[in-house]
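For reference, the structure is listed below as structure tokens.
Note that this is a predicted model, so its numbers are computed, not measured. Only heavy atoms go into these numbers, but all of them, side chains included; no hydrogens, no water, no symmetry mates.
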Amino acid sequence: MKSLDYNDFTIGEEKKAQPAKKQLLYNPTRWWLATDDLLPSAIMNQVATIIKADSGRIDSYNKYAKLYGTFTPTFWNGYGLANSGKAVGPVQDRLTYNIVQSCTDTLTSMMVQNKPKPMFLTSAGDSTVQRRAKKLDAYCYGTFYQNKLYELGPIGFRDSCVFGEGIIHPYIQAGKMKYERVMPYEILTDYLESHSGPRATKTLHRLKNIDRTELCEAFPEHRDAIWTMPGTAYFISASNRSIGDTVTVIESWRLPVGEDPGLTTIITPDLLLHKDVYEEEFFPFSIQRYCPRLYGFYGQSLAEQLVPTQFEINRTLISIQRSLYMGGTHKIFLHNSSKVVKSHFDNLVGTIITYSGDKMPQYVVPQLVQPEIYAHLNSMIGQGYQLPGISQMGATSMKTPGVNSGRAMRTEQNINTQRHQTLDQGYQNAYVDLAQITVAVARKQYKSGGDLKPVKIPGKRFIETIDWNDCSLEDDQFVLQIYPVSKLPNDPEGRIATVTEMMEGGLMSPEVGRRVLDFPDLEAEENLANASQDYLHKILDDIVDHGKYTAPEPDDNLVVAKKLCLEYLAQGKLNNLSDKKIQMLRTFNQQIMILEPKPAPEQPVQAPADPLPTPTSELLPNVNMAAPV
């Protein structure tokens with residue numbers, strides 16, 4: 001009788017051998033499978049193919065940069081950005097109205113008001129994990145603070161408005177986390193691979209010009225080869241237009257696919273500088289797209305949307321300028337038989353001009369520009385501001401007529417915020433990506449044994465130092481969320497009005513209200529007013545975080561201390577805090593009860609005295625002497 005094999009669901013005497021998994025072989029499109037000696041040439045060939053197919057995108061970047069008002073670079077890594085051999089700037093002798101720059105700067109100013117702050121939420125209830133997540137919040141905020149990321153973020157947003165993509169790259173240098181701006185034309189990817197969007201892209205290349213000495217410091221084992229390799233200017237045949245000592249490197253990434261690991265490499269045209277396994281499911285770039293396209297990796301820029309409007313404004317202004325120059329002075333009509341000497345026409349007062357015949361000279365001042373042309377110009381300018389949802393009054397820092405009260409101004413601001421909600425969400429997600437990449441880069445640096453210096457966290461009165469070992473979490477232990485540092489109005493009147501409304505509605509206590517106002521001139525008073533509560537928070541945090549006990553004292557705010565202690569105790573029970581720390585909190589609460597003033601003893605209630613007998617008179621025995629007569 002034949003046996004039944006439940007492993008492969010086949011019937012037979014023996015288990016059939018499973019076919020071996022086919023091994024992918026290297027070919028020009030699979031550069032990540034090439035051997036180390038063939039890897040530089042394989043990547044160079046693929047990058048050259050992408051550059052050839054991608055020249056139109058680079059030409060568009062050139063045009064959009066000129067519309068914004070930026071001088072055009074002469075060359076960059078094989079891209080011919082200008083044919084004149086010198087930087088091309090905007091025309092100086094024409095009347096212009098730069099709607100692209102005005103809308104871009106206005107939107108950028110609106111985004112600067114929001115400073116997103118990533119927050120790590122733990123998926124487990126363990127108190128140790130929660131404390132690490134709290135420190136990880138501070139670690140990321142400290143890296144943002146040290147690198148002035150809230151100044152670099154708006155620059156990235158401006159790039160997205162001009163080019164379509166704003167890109168920031170976190171990396172480690174000398175043990176410190178760094179962030180750099182990446183120009184969009186440095187990023188290369190295949191159009192067919194990324195047809196379905198950024199999430200479908202598995203391969204990415206970056207071309208970067210880097211100082212030769214800096215590259216030698218990064219890879220000292222290849223110092224001799226780097227010093228002798230050709231520079232960037234020689235590489236792009238531009239030696240007569242550049243004196244910089246830079247070299248061109250290509251950094252490439254291949255994301256993991258299934259069981260196949262990912263790969264990251266750094267090469268020069270003839271040298272492999274770095275090769276390592278890449279484990280992350282994302283590229284190490286925070287990319288904000290102004291308007292994601294229906295397909296493809298790259299986004300659509302605001303400048304691209306405004307190109308027809310800007311060209312029509314320029315054409316109309318050129319027509320107006322020419323009309324003003326050609327018809328800007330009066331004209332004199334003379335009859336051929338008038339015999340007027342032309343030199344008699346001057347600008348003197350009371351000049352007498354003699355003429356013959358019955359037709360005197362006629363001065364004519366023509367209409368310079370038709371009113372419809374000015375109306376058309378104003379219409380184009382209005383449409384230019386309406387396209388990105390910008391108020392023309394707001395772009396010129398002017399109050400909208402009729403909007404006078406603070407509530408009306410806040411309502412108008414909320415309407416504008418709703419119009420730009422997609423942009424605001426993209427701006428916040430860019431900081432979420434930066435926090436995620438920061439954690440991944442720091443974790444990899446720490447696990448590989450590389451140098452990773454502690455991060456200094458700014459506080460109100462002191463600077464705290466956090467080491468990565470104290471806050472490291474795996475990806476499955478947290479969820480990243482974002483919240484703004486401040487959504488309150490920026491002006492003092494609006495901020496005070498909003499906070500007052502929240503306090504009157506019971507949504508905020510006066511103590512919290514003082515905190516969120518965050519006025520520099522009130523900081524000293526706020527610190528003094530909250531000093532007792534801040535001190536109690538520090539004591540209880542030391543118990544929960546470090547197991548360090550500090551007993552309460554009689555001059556502490558015992559009422560607040562008891563309330564906070566009970567809250568910390570309940571939270572500790574919920575988050576499985578260690579028994580030793582739970583006992584410390586209970587001891588702290590018991591000592592508070594000992595220090596609390598004892599209530600005054602109750603006085604015994606005395607029984608009322610017997611009432612006096614009613615006085616009577618012997619003369620009038622039936623009359624009560626206490627009653628009124």
Side-chain angles (χ1 to χ4, degrees), residues 26-55 57-58 61 73 75-81 165 167-173 178 180-194 201-219 221-223 225-238 242 244-255 262-278 280 282-285 287 297-298 441:
Y26 162 71
N27 62 42
T29 61
R30 301 177 188 146
W31 58 266
W32 56 92
L33 299 178
T35 57
D36 292 353
D37 56 334
L38 297 178
L39 197 55
S41 60
I43 294 178
M44 288 295 296
N45 291 334
Q46 189 166 96
V47 167
T49 302
I50 296 176
I51 289 177
K52 184 176 179 181
D54 209 19
S55 59
R57 177 173 65 95
I58 308 302
Y61 287 158
F75 51 83
W76 181 86
N77 283 354
Y79 294 113
L81 298 184
E165 305 87 27
I167 308 174
I168 299 177
H169 174 50
Y171 64 100
I172 295 288
Q173 184 180 36
K178 299 290 184 180
E180 65 174 340
R181 174 195 181 195
V182 179
M183 301 305 295
Y185 46 73
E186 298 181 13
I187 301 298
L188 300 174
T189 184
D190 183 74
Y191 273 99
L192 184 59
E193 180 183 356
S194 60
T201 306
K202 300 299 181 182
T203 305
L204 192 73
H205 305 278
R206 181 194 178 187
L207 273 73
K208 180 180 180 181
N209 299 333
I210 185 172
D211 183 79
R212 189 187 301 270
T213 304
E214 183 179 353
L215 188 63
C216 290
E217 293 294 330
F219 302 99
E221 65 275 13
H222 300 288
R223 180 182 298 271
I226 294 174
W227 276 114
T228 58
M229 66 182 294
T232 302
Y234 176 82
F235 178 65
I236 60 177
S237 301
S242 175
D245 188 20
T246 60
V247 294
T248 300
V249 298
I250 301 177
E251 189 169 4
S252 304
W253 293 267
R254 171 71 179 179
L255 298 184
L263 183 69
T264 176
T265 63
I266 301 178
I267 68 162
T268 66
D270 302 314
L271 183 64
L272 176 61
L273 298 176
H274 175 75
K275 179 180 178 182
D276 194 8
V277 176
Y278 191 74
E280 307 300 336
F282 48 84
F283 297 110
F285 296 96
I287 304 178
F297 182 84
Y298 306 99
V441 173

Inset, instruction - Kindly determine whether Ile210 and Thr246 satisfy side chain to side chain contact (heavy atoms under 4.5 Å, CB included), including the steps that lead there. - result: CA-CA 5 Å; Ile210 185 172; Thr246 60; over 6 Å; no
* Asked: Please walk me through it: do Ile43 and His205 pass side chain to side chain contact (heavy atoms under 4.5 Å, CB included)?
  -> CA-CA 9 Å; Ile43 294 178; His205 305 278; 4.1 Å; yes
Legend entry - Pair Ile167-Ile187, side chain to side chain contact (heavy atoms under 4.5 Å, CB included): steps then yes or no: CA-CA 9 Å; Ile167 308 174; Ile187 301 298; 3.7 Å; yes
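The shortest side-chain heavy-atom distance between Ile266 and Ile250 does not fall under the 4.5 Å cut-off. Contact check for Arg212 versus Ile226: side-chain heavy atoms found under the 4.5 Å cut-off. Between Pro284 and His169, the closest side-chain pair of non-hydrogen atoms falls below 4.5 Å.
Summarising the geometry, atom CD1 belonging to Ile58 is positioned 10.0 Å from atom CD belonging to Glu186; distances are rounded to the nearest 0.5 Å. To the nearest 0.5 Å, atoms OG1 (Thr248) and CG (Asn209) are separated by 4.0 Å. Rounded to the nearest 0.5 Å, atoms OH (Tyr278) and CZ (Phe283) are 7.5 Å apart. We find the OG-CG distance between Ser252 and Leu188 to be 9.0 Å, quoted to the nearest 0.5 Å. Between atom OG of residue Ser41 and atom CG of residue Leu39 there is a gap of 8.0 Å, rounded to the nearest 0.5 Å. Note that CG of Leu204 is 8.5 Å distant from CG of Leu255, once rounded to the nearest 0.5 Å.
A salt bridge between Arg206 and Glu251 is absent, with no side-chain N of the basic residue lying under 4.0 Å from a carboxylate O of the acidic one. Between Arg223 and Glu214, no side-chain nitrogen of the basic residue sits less than 4.0 Å from a carboxylate oxygen of the acidic one, so the salt-bridge criterion is not met. One finds a salt bridge joining Glu180 and Lys208 here, because a Lys/Arg side-chain nitrogen approaches an Asp/Glu carboxylate oxygen to under 4.0 Å.
Counting only N and O atoms by type, the side chains of Tyr185 and Asp54 include no donor and acceptor under 3.5 Å apart.
A side-chain donor-acceptor contact under 3.5 Å links Glu193 to the backbone of Thr203. Distance alone, capped at 3.5 Å, is enough to place a donor-acceptor pair between the Thr49 side chain and the Asn45 backbone.
Taking the six-membered ring wherever Trp is involved, the centroid distance between the rings of Trp227 and His222 does not fall below 6.0 Å. Aromatic ring centres of Phe282 and Trp253 lie farther apart than the 6.0 Å criterion allows.
Remark: of the listed residues Asp36, Thr265, Thr264, Asp36 is the sole one forming a side-chain hydrogen bond (donor to acceptor under 3.5 Å, both in side chains) with Lys275.
Every residue was checked against the salt bridge (charged side-chain N to carboxylate O under 4.0 Å, His left out) condition with Arg254, not counting sequence neighbours, and none meets it. Listed by chain and residue number, nothing satisfies the side chain to side chain donor-acceptor pair (under 3.5 Å) test with Asp211 (two or more places apart in sequence, or in another chain).
Tyr298 carries Arg57 over the face of its six-membered ring, with the cationic atom under 6.0 Å from the centre and within 45° of the normal.
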